[in-house]
Chemist: 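Here's a structure for you.
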There are 2 protein chains.
Amino acid sequence: MLNRFSIGVMKVSIRKIAELAGVSKTTVSFVLNNRGDEKNISSATQEKILAIVKDHNYKPNQLARSLSLGKTNTIGFVVPDISDPFYGKIAKHIDSCAEERFFKVMIANSHEDKNKESELINNLISRQIDGIILASTQVFESNKYKGVPLVYFDRISPNQKDSFIDINNQYSTEQITKLLIKRGHSKIGFISLTSYLPNIQDRITGYKNALIDSGFVTDENNIIDIDYNNKKESVVKALKTLLCTNNCTGIVFVNNVLAAEGVWALNTYFSELIEKVEFACFDNLDLFDYSLPKVTSVVQPIEDIAKNCLEMLCDQIDNSIIHKGKVLKTTIIER
Amino acid sequence: MLNRFSIGVMKVSIRKIAELAGVSKTTVSFVLNNRGDEKNISSATQEKILAIVKDHNYKPNQLARSLSLGKTNTIGFVVPDISDPFYGKIAKHIDSCAEERFFKVMIANSHEDKNKESELINNLISRQIDGIILASTQVFESNKYKGVPLVYFDRISPNQKDSFIDINNQYSTEQITKLLIKRGHSKIGFISLTSYLPNIQDRITGYKNALIDSGFVTDENNIIDIDYNNKKESVVKALKTLLCTNNCTGIVFVNNVLAAEGVWALNTYFSELIEKVEFACFDNLDLFDYSLPKVTSVVQPIEDIAKNCLEMLCDQIDNSIIHKGKVLKTTIIER
DNA sequence: TATTTTTGCTAAATCGGTTTAGTATAGGCG
DNA sequence: CGCCTATACTAAACCGATTTAGCAAAAATA
């Protein structure tokens, strides 16, 4: 059959190399897989083959190889948005770790769309990837893809017990809230977003616990959900309520994007309050170093998350060991 | 031969489906590829096959398919750093465009390492990817990978004539420099970095041209290279020279990262100058909306770059058409 | 009725590797 | 010398798809 490889530059195959060397495909295969000595291929033959391989710049077809071996040495990395610096950084480190183990990474973007995510995963599976690292949009249907090694991160279903790498959302948010309290703030608002995601819910709980622990009462009026499609205005409105009506002086934001909006809003509309008000939020941004008010933030151990995801996945791929979920420690930058 | 697919959940293959339906593999293949009618497969048989396929949740093995077809429907996307938001955003849009054409994207991170880049590309080729989109670390050896459809972006060798999507670095930098001049700045410094990369060189030329065009002389003392491994201090020092010794009031930065450092340095060490000094730079950052001094910046048409890269690549893959390089227009945010 | 055409399907080669089970020759040992 | 082992290699099956060439029976045509 003709395919595009047949036209133009003729691709060399193992068969061609074998012919040129006057040996069988088997011999070439052994030599290329460093099993020449073990298989008693004479060094003369080995050298001859390697020379021809180099000469023709022959690179084995990994499709054929993978088909035969039943292993692609490829893992899928599925995230809601690869342009989000958080996922981008995780991707980079996953890629680095994977490289050490001779794995390649296929990145897939679900665009926060549950159906697209399913499609992507099925596609990865049909491409025979060896495993998947997933930040899912659909935290409820875990274990949907039985039979494929899978590690979850960032978005983890509450009933997920195995194969995830998480961080302690609740505890971290509790800590930064307590830091604001320690600095003398007694009225602290929380700017959140409407989301079923457990990590968001945990952060809210953490904020509440900090207040209760410190002997304050929690007031639902001080917790405001943001319309994510209309962030800018929505944050301004929320700040107005919290700062002006409810007299809060400390604000905890559920994530860095909202905190950045908060910094902008405070500078633009409530600049007279800059000296009085303090912010804290989940996830860092370089911006927080430069701007007023400085923002105390929770830093996720990105490199560790990536490393642990890959280790856990590899153990599942290589040794069929399914680990319990693991919760990593965050750090806090107090500004 | 045994492989991991043989253990546990037995994977279904086209052969199994054929057996279950009591037909040949050929027939199943025709039906699955929507060629049933064309190949005169009775609708009864077609329906039977499709039912069994659905029943067993059968997904054709894409490795085998690709091996046979000589096409993987996969493209490689090779960049120096996927955690850089610029490349992240490009990746996201490439992925979206690719999806429409039923292509998958393999992202590879060269870590700005020339040798790693070669390795990655060779690996992608051995995986039979259909084409590559590349922001190269090694702009000089273009056309090294003859025979593989390849489109360059962001990092383009000056002698590259075909198959690239670029933006006009020189013209854009000229424009923002002229904007500073128009706002009344007569002494304008340029903060750059030591780099052989043509886009950097073009930006320097653009800055110089703006000065010359406006009747000023260019002064090499006003162009300072930054030590990228020691950005923070290096930028402070550069600003001190330009603002305090050379009496510049406008500063053009070669990229957004250095400009962000500049904003921080100005606020930290030269806050008395904030009202007098104005910044401009290449590439935007959200930060520039929030901070003082506000920074006029060049915005690259990220979505367009991605779209054009993919279109150009597909034309090369599908129709063997090699297009001339294309230069896209930037926009400027004046603040 | 005999011939041609259409319908409905399949055997077998192929893509490019890996691997098992084997063969032929040479050398070592009693 | 005869047997055994080590050396050096290979034929052929297999992974799971696609595709060409072709066959048999039914329907259409002459």
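Labels below follow one simple rule: chain letters A, B, ... track the order of the sequence lines, proteins then strands, and each chain is numbered from 1. Hydrogens, waters and symmetry mates are skipped; everything else that's a heavy atom, side chains included, is used.
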Chemist: Roughly how many Å is it from CG in Leu63(A) to C1' in dG16(C), rounded to a whole number?
Modeler: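 Nearest whole value for this atom pair: 9 Å.
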
Chemist: Does OP1 or OP2 of dT18(D) have a side-chain N or O of Asn33(B) closer than 4.0 Å?
Modeler: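 It does, given that an N or O in the side chain of Asn33(B) lies less than 4.0 Å from OP1 or OP2 of dT18(D).
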
Chemist: Return whichever of Ile14(B) or Ser24(A) has its heavy-atom-nearest nucleotide of DNA chain D closer to the 5' end.
Modeler: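 Result of the comparison: Ser24(A).
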
Chemist: Closer than 3.5 angstrom, by distance alone: can the side chain of Ser66(B) be matched with the main-chain N or O of Gln62(B) as a donor-acceptor pair?
Modeler: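 Yes, because the side chain of Ser66(B) sits within donor-acceptor range (under 3.5 Å) of the backbone of Gln62(B).
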
Chemist: Under 4.0 Å between a side-chain N/O of Ser68(B) and OP1 or OP2 of dG16(D), yes or no?
Modeler: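 No, outside the criterion.
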
Chemist: So, does Ser29(A) get its side chain near the phosphate of dT18(C), meaning an N or O under 4.0 Å from OP1 or OP2?
Modeler: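 For dT18(C), OP1/OP2 do have a side-chain N/O of Ser29(A) under 4.0 Å.
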
Chemist: Check this one for me: any side-chain N or O of Thr27(B) less than 4.0 Å away from OP1 or OP2 of dC9(C)?
Modeler: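 Negative; the distance criterion is not met.
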
Chemist: Please check if the side chain of Asp130(A) supplies one atom and the backbone of Ile75(A) the other of a donor-acceptor pair under 3.5 Å.
Modeler: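 Here the side-chain-to-backbone pair does not exist.
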
Chemist: On a plain distance test, is the side chain of Thr26(A) in donor-acceptor contact with the base of dT18(C) below 3.5 Å?
Modeler: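 Per atom types, no contact qualifies.
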
Chemist: Measure the distance from CG on Asn34(B) to P on dT19(D) and round it to the nearest whole Å.
Modeler: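 Spelled out: CG on Asn34(B) to P on dT19(D) is 13 Å.
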
Chemist: Between dA13(D) atom P and Arg15(B) atom CZ, what is the distance in whole Å?
Modeler: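 For the pair Arg15(B) CZ and dA13(D) P, the rounded distance is 13 Å.
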
Chemist: Any base atoms under 4.0 Å from Ser13(B), or only sugar-phosphate, or nothing? Heavy atoms, all strands.
Modeler: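 Sugar-phosphate contact only - Ser13(B) comes under 4.0 Å of backbone atoms but never of a base.
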
Chemist: Please tell me whether Ser29(A) and Thr26(A) have a donor and an acceptor in their side chains that are separated by less than 3.5 angstrom.
Modeler: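 Side chains of Ser29(A) and Thr26(A): no pair found under 3.5 Å.
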
Chemist: Testing the 3.5 Å rule here: is there a donor-acceptor pair between the side chains of His93(A) and Ser83(B)?
Modeler: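 No.
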
Chemist: I'd like to know if Lys25(A) reaches the base of dG17(C) with its side chain such that a donor and an acceptor end up less than 3.5 angstrom apart.
Modeler: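 Looking at the base of dG17(C), it does pair with a donor or acceptor on the side chain of Lys25(A) (distance under 3.5 Å).
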
Chemist: dA17(D), OP1 or OP2 - any side-chain N/O from Tyr58(B) closer than 4.0 Å?
Modeler: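 Checking Tyr58(B) against dA17(D): at least one side-chain N or O falls below 4.0 Å of OP1 or OP2.
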
Chemist: Between atom CZ in Arg127(A) and atom P in dG16(D), what is the gap in whole Å?
Modeler: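 So the two atoms are 18 Å apart, to the nearest Å.
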
Chemist: Side chains of Thr74(A) and Arg127(B) only: does a donor on one sit below 3.5 Å from an acceptor on the other?
Modeler: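 Yes.
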
Chemist: Between dT18(C) and Arg65(A), is there an OP1 or OP2 to side-chain N/O distance shorter than 4.0 Å?
Modeler: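 True: Arg65(A) side-chain N/O within range (under 4.0 Å) of dT18(C) OP1/OP2.
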
Chemist: Could you pick out which residue, Ala64(B) or Arg35(B), lies toward the 5' side of DNA chain D when each is mapped onto its nearest nucleotide?
Modeler: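 Nearest-nucleotide comparison on DNA chain D picks Ala64(B).
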
Chemist: Once you apply a heavy-atom cut-off of 4.0 Å, does Ser42(B) come out as touching a base, just sugar-phosphate, or nothing?
Modeler: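 Sugar-phosphate contact only.
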
Chemist: Mind calculating the distance between CD (Glu19(A)) and C1' (dG16(C)) to the nearest angstrom?
Modeler: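 It works out to 13 Å between those atoms.
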
Chemist: Please give, in whole Å, the distance from dC15(C) P to Leu69(B) CG?
Modeler: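 That distance rounds to 13 Å.
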
Chemist: Specify the separation, in whole Å, of atom NZ of Lys39(A) and atom P of dT19(C).
Modeler: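 For the pair Lys39(A) NZ and dT19(C) P, the rounded distance is 9 Å.
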
Chemist: Between C1' on dT18(D) and NZ on Lys71(B), what's the gap in Å once rounded to a whole number?
Modeler: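 Checked: the NZ to C1' distance equals 15 Å.
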
